[in-house]
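Remarks on the structure that follows.
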Amino acid sequence: MDDPIREKMDESGQAIDKNDVIMSARGLVKNYAMGGGEVRVLRGLDMELNAGEMVAIMGASGVGKSTLLHIFGALDRPTRGEVLYREESLFSRSDAGLAQFRNRSVGFVFQFHHLLPEFSALENVIMPGLLGGEARRDVGGRAEALLERVGLKERMEHRPSELSGGEQQRVAIARALMNRPELILADEPTGNLDSGAAGLIFDLLREINRSDGVTFLVATHNAAIAERMDRQAVMVDGRIAAKF
Ligand SMILES: Nc1ncnc2c1ncn2[C@@H]1O[C@H](COP(=O)(O)OP(=O)(O)O)[C@@H](O)[C@H]1O
Ligand SMILES: [Mg+2]
């Protein structure tokens with residue numbers, strides 16, 4: 001499959017350039033229809049994410065953090081405004097192009113892991129590889145290496161219900177990494193964990209950011225965790241507060 005974005009990324013190698021904008025929002029507006037009226041969630045939001053950085057997105061519950069992450073991940077469309085992914089207008093892509101972006105360029109980690117309950121940890125991690133068109137024999141080794149990396153070498157054959165909350169989130173992180181995304185969108189990834197497990201999960205995300213140069217945008221309510229990221233963006237009234 002032709003994917004000029006992917007080729008550009010491969011040519012540029014693994015180097016992290018902090019002045020290299022990977023994703024930006026310009027005048028982003030999102031309204032939801034509600035009982036004949038409209039809820040105005042994003043109200044002309046602007047922000048930029050540099051390749052290789054880890055940015056916290058904070059703000060009161062209901063302010064629109066998940067809405068923004070969903071749009072950056074092409075799970076939803078903006079009402080108005082533009083999202084640029086590596087200088088390309090993301091929503092100018094065809095549906096197939098957007099599907100390819102979701103499968104290859106971006107990884108998601110949610111508060112509740114959304115693992116498939118009938119499948120083992122290993123099968124859950126393999127899944128995005130199969131959906132991306134790779135053969136089972138080609139993806140198994142990579143999935144095993146990822147599960148080992150997140151500390152679950154001995155748990156690969158377990159189903160989600162047989163794992164702790166922190167372990168389930170580790171599987172979700174391995175799954176998000178499966179197709180080697182350059183951006184990970186994490187929506188309150190530690191929100192469902194006690195503080196000990198939350199710290200360990202954040203350590204893992206930070207290590208992936210530093211060693212692989214994966215860019216992260218992480219919605220969180222946890223101030224201690226937000227402080228450990230490179231920058232903190234606070235959403236107020238549908239925009240990023242000025243000091244960001
Ligand atoms: N699909 C939807 N339809 C209608 N309203 C929605 C929908 N999704 C989110 N909202 C509303 O948009 C606002 C922002 O939600 P959300 O992005 O989930 O906020 P946050 O993640 O910051 O808590 C909330 O008022 C929420 O009720
Ligand atoms: Mg949310």
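If you read the sequence from its start, that first residue is 1, and numbering goes on from there. Just so it is clear, the model here is predicted, and its values are computed rather than measured. Each ligand, and each atom within it, is numbered from 1 in the order the structure gives.
Under a 3.5 Å cut-off, the side chain of Asn50 and the backbone N or O of Glu53 do not form any donor-acceptor pair. Within the 3.5 Å criterion, the main-chain N or O of Asn103 finds a donor-acceptor partner in the side chain of Asn179.
One finds no salt bridge joining Arg170 and Asp203 here, because no Lys/Arg side-chain nitrogen approaches an Asp/Glu carboxylate oxygen to under 4.0 Å. For the pair Arg40 and Asp237, the salt-bridge criterion is not met [side-chain N within less than 4.0 Å of a carboxylate O]. A salt bridge links Arg149 to Glu207: at least one charged side-chain nitrogen sits closer than 4.0 Å to a carboxylate oxygen.
Atoms CZ and CG, on Phe91 and Asp76 in that order, are 7.5 Å from each other to the nearest 0.5 Å. If you take CZ on Arg228 and CZ on Phe202, they are separated by 5.0 Å, rounding to the nearest 0.5 Å.
Excluding waters, the protein N/O/S atoms found under 2.8 Å from the Mg ion (ligand 2) are Ser66 OG.
When the shell of 6.0 Å around CZ of Arg231 is examined, it contains more than 12 heavy atoms from other residues, nucleotides or ligands.
Taking the six-membered ring where tryptophan is involved, the planes of Phe110 and His114 are perpendicular, since the angle between them exceeds 60° and thus also 30°.
Ligand 1 is surrounded by Tyr32, Val41, Ala60, Ser61, Gly62, Val63, Gly64, Lys65, Ser66, Thr67, each with at least one heavy atom closer than 4.0 Å.
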